[in-house]
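Please read the structure below before turning to the comments.
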Amino acid sequence: MKTIIEPFRIKSIEPIRMTTREEREQYIIDAWYNLFTLRSNDVLIDLLTDSGTSSMSARQWGAIMEGDESYAGSPSFYRFEAAVKKLMPFKYLIPTHQGRAAESILFTVVTDSSHSIPNNTHFDTTRANVEAQGAEAVDLVIPEGKQPDLEHPFKGNMDIEALERFIQERGADHIPICMLTVTNNSGGGQPVAMENIRQTREVCDRYGIPLFIDACRFAENAWFIKLREPGYEDKPVVEIVREMFSYADGCTMSAKKDGLANSGGWLAMNNEDWAVECRNRLILTEGFSTYGGLTGRDLEAIAVGLEEVVQEDYLHYRIASTQYVARHLAEAGVPIMKPAGGHAVYIDARQFLPHIPPLQYPGQSLAVELYKHGGIRGCEIGTVMFGKKPDGTEAPAAMDLVRLAIPRRVYTQSQMDYLIEVVGEVYEKRHELRGMKFIREPKALRHFTGRFDYVDA
Ligand code: F0G
């Protein structure tokens, strides 16, 4: 059959509160044109993030009742541990309340201000956690990964030659770990090929540098490997996942993505000395080592989520629904990042709004208009998010994108058809959109709490 159906039925629903354009124009003024400041029940289709927004299955809700809330040694932890280790067999597993807590603990333990961390592309919290140690976060994605128009099966790949040059320039002693983000969220949700993971590992091995994977969307990455990389078409996804992690020495994970849970994360590694220090840090900041800031019921939900996220019917539907949105937008002439990523469709706002210069935040202007026009909440991933340098100067980001992140198992196809219609209509009147400026700018992670207005307001 050509139609790929959602491989589930809906058992419990959440009503959407309908709003008018006039109402939304007021809500966005009240939110200082920052979509993070909006109230979510003033949003019709919320594509701000795919993080923590998944629908859980009946099995996950059932497992939640099994959660054991003992402070230490809960059976829920051991079920969680078994589920993680089936996919990512690292020796030491440290639960955290979400991904950035794992990053914070890891970088506090392994980095100091003389260090540099290479990554295909750091996610914003990863970068902020590296920089919080005074260390340098450097993105070394392949050049194809920075060209939104260009079709390439693995645009998240690390530039292997650039990585080796970088290690030689900085010196291996100043690089405590190398990271790979799968899929590459800030680069458009693009996958990393197995061959590239292997080659990254080989370079790391030559210089004795441990490789850590930012594993948030590991299952989606594995599905792309199965679809696109020769030799993997007949391999079960679980085997592909295990091979991906076999090349790594550790990982950070946000279970809010491919854990299919509403909260949670972990840090895993093989290095015992680091694990001991990380656990001490965990107890100081998150909680005891068998719960790490989570409840027993969270651990249960993640354990079941990890079984469900590698099911091939699920991944088939998941990636097909993202591609569906991308294909229809491209057919309407909307400039999008190609090919579509796993968890999101990224609109190329710089090309969508060529009359708005990058330092007037075309991505922010577009995201605001999508909200006003159709109640869609997307997220600017561009100069607002990445334009501010640690020394206080500002420069255009490599790309100005608006991310429409698709929550897992949440929206139906007709809701995606509505989205396609809204974006198409805004594209028709794109010449009317105006540039924006900060009217209040926080020092770090300015996109979350900054206030905006139109430049000519
Ligand atoms: N790494 C990547 C690649 C991410 O996408 C995220 C979160 C994190 C780390 C941090 O995880 O949120 O659990 O602390 N990304 C979300 C997003 C917020 O919307 O893309 P967290």
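Because only heavy atoms are used, hydrogens play no part in the values below, and waters and symmetry mates are left out as well, while side chains stay in. In listed order, ligands and their atoms are each counted from 1.
In summary, the side chains of S321 and Q413 do not present any donor paired with an acceptor at a separation below 3.5 Å, with no hydrogens or angles considered. If you check the side chains of Y291 and E69, you find no donor sitting under 3.5 Å from an acceptor. Under 3.5 Å, the side chains of N184 and T121 contain a donor-acceptor pair of N or O atoms. Inspection of the E308 and S57 side chains reveals an N or O donor paired with an N or O acceptor under 3.5 Å.
Of the candidates M179, H343, K257, it is K257 that places a heavy atom closest to atom 6 (C) of ligand 1.
Regarding atom 10 (C) of ligand 1, its nearest protein heavy-atom neighbour is T125 OG1, 3.5 Å. The protein heavy atom nearest to atom 12 (O) of ligand 1 is R100 NH2, 2.9 Å. Among protein heavy atoms, the minimum distance from atom 8 (C) of ligand 1 is reached at F123 CD2, 3.5 Å. Ranking the protein heavy atoms by distance from atom 5 (O) of ligand 1 puts N185 ND2, 2.7 Å first.
At least one heavy atom of C216 lies less than 4.0 angstrom from ligand 1. The shortest heavy-atom distance from E103 to ligand 1 is under 4.0 Å.
Contacts classified as side chain to side chain donor-acceptor pair (under 3.5 Å) and involving residues 275-290 (residues at least two apart or in different chains) are given here: H97-E286.
Between Y314 and F8, a ring centre-to-centre spacing not shorter than 6.0 Å is recorded. For W274 and Y92, the ring centers sit 6.0 Å or farther from each other.
Residue G99 has at least one N or O atom closer than 3.5 Å to an N or O atom of ligand 1. Looking at D214 next to ligand 1, an N or O pair under 3.5 Å apart turns up. For a threshold of 3.5 Å applied to N or O pairs, the pair formed by S254 and ligand 1 contains at least one separation below that value. Here's the thing with R403: one of its N/O atoms is less than 3.5 angstrom from an N/O atom of ligand 1.
Within ligand 1, the atoms closer than 4.0 Å to a non-hydrogen atom of R217 are 3 (C), 4 (C), 5 (O), 17 (C), 20 (O), numbered from 1 in the order shown. Below 4.0 Å from some heavy atom of T181 lie the following atoms of ligand 1, by number and element: 3 (C).
Only the side chain of K256 comes within contact range of ligand 1, with a heavy atom under 4.0 Å; no backbone atom does.
With salt bridges taken as basic N to acidic carboxylate O contacts below 4.0 Å, none links D50 and K256.
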Tell me, with the steps shown, if Q190 and N185 meet side-chain contact (heavy atoms from CB on, under 4.5 Å).
-> CA-CA 7 Å; Q190 301 292 328; N185 184 5; over 6 Å; no
